Q: 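Just dropping this structure here.
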There are 2 protein chains.
Amino acid sequence: MRSTHVADRVTAAALDLFATQGYATTSVQQIVEAAGVTKGAMYHYFQSKDDLLFAIYDRMLALQKSHLDQIVAVGGAVEDVVRDVCVDVVETSIDFLPEGTVFFRSMHMLAEPRLKEVTQRRREYHDEFAALLRRGQDEGVFRTDVPRSVLVAHFFSDVHYLSHWYSPDGPETKTEVAQQLTELFLRGIRTATT
Amino acid sequence: MRSTHVADRVTAAALDLFATQGYATTSVQQIVEAAGVTKGAMYHYFQSKDDLLFAIYDRMLALQKSHLDQIVAVGGAVEDVVRDVCVDVVETSIDFLPEGTVFFRSMHMLAEPRLKEVTQRRREYHDEFAALLRRGQDEGVFRTDVPRSVLVAHFFSDVHYLSHWYSPDGPETKTEVAQQLTELFLRGIRTATT
DNA sequence: TCGCACAAACCGACCAGACGGTACGCCCGC
DNA sequence: GCGGGCGTACCGTCTGGTCGGTTTGTGCGA
């Protein structure tokens with residue numbers, strides 16, 4: 001850890017502290033102390049405290065982007081596609097649990113243009129998912145008596161809530177949880193029964 | 001508004017600002033300005049900034065307590081009981097949407113003993129719900145291939161996520177959303193099909 | 001009905017400290 | 001010797017919170 005580069009140590013410490021304490025509550029003093037670095041060194045690599053936040057966001061942004069591309073390309077029976085997508089989203093959300101926590105806790109800086117980009121990407125994400133569900137509805141596989149927006153929210157609520165209860169040290173592996181949550185979701189939105 | 005009592009105006013302004021900006025980001029200056037009150041007046045009724053936060057929490061706490069008592073008293077077929085509970089929880093969560101937002105955004109002050117009380121009540125809440133689900137599992141109505149803790153999280157994720165997408169001004173009424181989310185959840189956790 | 005006394009309500013100027021950020025100089029590899 | 005990487009001392013600002021004093025409401029004796 002000591003041998004790793006200064007910038008990496010700082011971002012790692014910032015991610016940890018932001019996730020546990022929140023952005024506004026964490027001071028740059030705390031960050032540089034946790035990273036074993038002086039303030040001068042930190043401000044040599046980052047322009048501001050906000051920069052640290054956006055560095056974290058950027059990681060999620062890249063992740064979401066790659067996700068989106070992957071998902072759309074896949075074909076097959078709509079229910080299988082949705083299943084794959086859901087499992088994948090949950091798993092990677094677990095991998096990036098701290099980043100997600102920081103993001104969801106610090107969304108109040110909506111004026112920031114840089115944050116808007118992440119939020120927009122997030123919206124595209126949801127829209128893409130909604131389009132997938134629509135395909136299922138058109139094929140008569142998914143129920144139509146509930147608004148699609150509610151269906152979408154119903155899934156992403158699971159993803160979002162992960163940071164409030166899931167622990168990698170807990171009894172369930174991320175794969176298990178991903179499959180279980182996906183199964184619960186799919187059963188909920190299906191018309192026919194299997 | 002101007003005629004209402006000072007303390008009420010302050011708590012209302014604090015709730016609004018905390019919900020939109022977050023606790024740490026909001027200064028007492030902002031609060032007293034929004035409430036049309038001087039800082040001296042505010043500190044006459046509240047001991048500290050934290051006091052304002054706990055005043056908001058207390059409202060949720062009382063709500064949860066009354067909920068818990070009501071729910072346990074009710075009898076009937078387990079699925080109907082669960083359905084009633086879920087609908088009720090979602091509806092009241094919508095009524096107290098800002099309070100919920102503030103609570104979920106400011107949980108990082110875990111050292112505070114007063115916050116632990118709210119958190120503990122929340123845990124009891126979940127445990128009570130888990131016990132209900134267990135009854136359903138014992139009767140063979142709810143599936144047992146998914147850990148009960150995951151089932152509980154699957155429901156409360158919906159409740160928690162409401163503040164991120166639901167708007168009273170939107171197309172769906174709170175009753176509709178409550179019934180729809182409950183239906184999705186119930187379908188997901190049932191063994192048999194109806 | 002008035003005057004008075006006393007407490008509660010409220011004001012606004014004022015801390016001490018912490019905050020994010022900067023200026024400047026050292027120091028070491030090239 | 002020179003330039004990027006980094007340490008240190010420091011700045012202006014804003015923060016939560018305080019404090020002495022003033023106003024306002026209210027009960028009560030005459």
Side-chain angles (χ1 to χ4, degrees), chain A residues 1-58 102 105-115, chain B residues 1-58 102 105-115:
Chain A
M1 177 66 94
R2 188 125 307 257
S3 64
T4 52
H5 197 268
V6 168
D8 293 336
R9 295 222 303 273
V10 171
T11 47
L15 174 57
D16 184 38
L17 286 169
F18 288 168
T20 54
Q21 302 180 349
Y23 174 75
T25 319
T26 305
S27 70
V28 297
Q29 287 286 1
Q30 282 182 280
I31 296 170
V32 296
E33 281 173 15
V37 165
T38 62
K39 218 187 326 188
M42 184 218 121
Y43 272 96
H44 177 72
Y45 290 102
F46 300 94
Q47 288 196 352
S48 65
K49 188 187 172 187
D50 288 359
D51 249 31
L52 289 171
L53 190 61
F54 291 124
I56 293 169
Y57 284 175
D58 282 344
V102 172
R105 279 239 195 104
S106 320
M107 283 209 267
H108 43 74
M109 311 175 75
L110 286 165
E112 288 285 345
R114 292 177 66 180
L115 179 57
Chain B
M1 178 64 97
R2 185 123 311 255
S3 64
T4 53
H5 196 269
V6 169
D8 293 336
R9 296 221 305 274
V10 171
T11 46
L15 174 57
D16 184 37
L17 287 168
F18 288 168
T20 54
Q21 303 182 349
Y23 174 75
T25 319
T26 305
S27 71
V28 298
Q29 287 287 1
Q30 283 182 279
I31 296 171
V32 295
E33 280 174 16
V37 165
T38 62
K39 221 196 305 198
M42 184 221 121
Y43 272 96
H44 177 73
Y45 290 102
F46 301 94
Q47 288 196 351
S48 65
K49 187 188 173 188
D50 289 359
D51 249 31
L52 288 171
L53 190 61
F54 290 123
I56 294 169
Y57 285 175
D58 282 344
V102 172
R105 278 237 196 104
S106 322
M107 284 209 265
H108 43 72
M109 313 177 73
L110 287 164
E112 288 285 344
R114 290 177 66 182
L115 179 57

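Residue numbers start from 1 in every chain, and the chains themselves are labelled A, B, ... in the order their sequence lines are given, proteins ahead of strands. In this text the structure is predicted, and so the values were computed from the model without any measurement.
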Q: Atom OG1 in B:T11, atom CG in B:D16: separation rounded to 0.5 Å?
A: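 Going from the OG1 atom of B:T11 to the CG atom of B:D16 covers 11.5 Å.
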Q: Detail all sub-3.5 Å separations between protein N/O atoms and N/O atoms belonging to nucleotides 2-6 of chain D.
A:
unit_1, atom_1, unit_2, atom_2, d
D:dG5, OP2, A:H44, NE2, 3.1
D:dC6, OP2, A:Y45, OH, 2.1

Q: Tell me whether the NZ or CZ atom of A:K49 lies within the 45° cone about the ring axis of A:Y23 and under 6.0 Å from its centre.
A: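 Positive - A:K49 is close enough to the ring of A:Y23 and near enough to its axis.
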Q: Can you measure B:Q47 atom CD to D:dT18 atom C1' for me and round it to whole angstrom units?
A: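 To the nearest whole Å, that distance equals 13 Å.
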Q: To the nearest 0.5 Å, how far apart are CZ in A:R105 and OG1 in A:T25?
A: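 It comes to 8.5 Å.
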Q: Check side-chain hydrogen bond (donor to acceptor under 3.5 Å, both in side chains) between A:D51 and all other residues, then give those that pass, not counting sequence neighbours.
A: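 Partners of A:D51 under the side-chain hydrogen bond (donor to acceptor under 3.5 Å, both in side chains) test: A:R114.
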Q: How long is the span from the OG atom in B:S106 to the OH atom in B:Y57, to the nearest 0.5 Å?
A: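 One gets 4.0 Å once the value is rounded to the nearest 0.5 Å.
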Q: Once side-chain contact (heavy atoms from CB on, under 4.5 Å) is applied, do any residues pair with A:Y45, and if so which ones, sequence neighbours excluded?
A: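 Partners of A:Y45 under the side-chain contact (heavy atoms from CB on, under 4.5 Å) test: A:H5, A:V6, A:A7.
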Q: Report the distance from atom CD of A:Q47 to atom CE of A:M42, rounding to the nearest 0.5 Å.
A: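 The CD atom of A:Q47 sits 10.5 Å away from the CE atom of A:M42.
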Q: Identify the 5'-most and 3'-most nucleotides of DNA chain C with at least one atom closer than 4.0 Å to a non-hydrogen atom of chain A.
A: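 The contacted stretch runs from C:dC19 to C:dT22.
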Q: Find the distance B:K39:NZ to D:dC19:P and express it as a whole number of Å.
A: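 It works out to 14 Å between those atoms.
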Q: Which atom pairs link the protein and nucleotides 20-25 of chain D when you take only N or O atoms and keep those under 3.5 Å?
A:
none

Q: Please report the shortest heavy-atom distance between A:F18 and A:I56, naming the atom on each side.
A: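 What the structure gives for the nearest pair is CD1-CD1, 3.7 Å.
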Q: Report, one line per pair, each donor and acceptor closer than 3.5 Å where one atom sits in a side chain of residues 28-40 of chain A; sequence neighbours left out.
A:
unit_1, atom_1, unit_2, atom_2, d
A:Q30, OE1, A:S27, N, 3.2
A:Q30, NE2, A:Q21, OE1, 3.3
A:T38, OG1, A:A41, N, 3.4

Q: From CD of B:Q30 over to C1' of D:dT15, roughly how many Å is that when rounded to an integer?
A: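 So the CD-C1' distance, B:Q30 to D:dT15, works out to 12 Å.
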Q: Give a yes or no on whether a donor-acceptor pair under 3.5 Å exists between the nucleobase atoms of D:dG17, that is its base, and the side chain of B:K49.
A: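 For B:K49, whose side chain was compared with the base of D:dG17, there is no donor-acceptor pair (under 3.5 Å).
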Q: Indicate the atoms forming the closest heavy-atom contact of B:V10 with B:F46, along with that distance.
A: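 Distance-wise, the nearest heavy atoms are CG1-CE1, 3.8 Å.
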Q: To the nearest Å, how far apart are A:Y43 OH and D:dC11 P?
A: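 It is 18 Å, rounded to the nearest whole Å.
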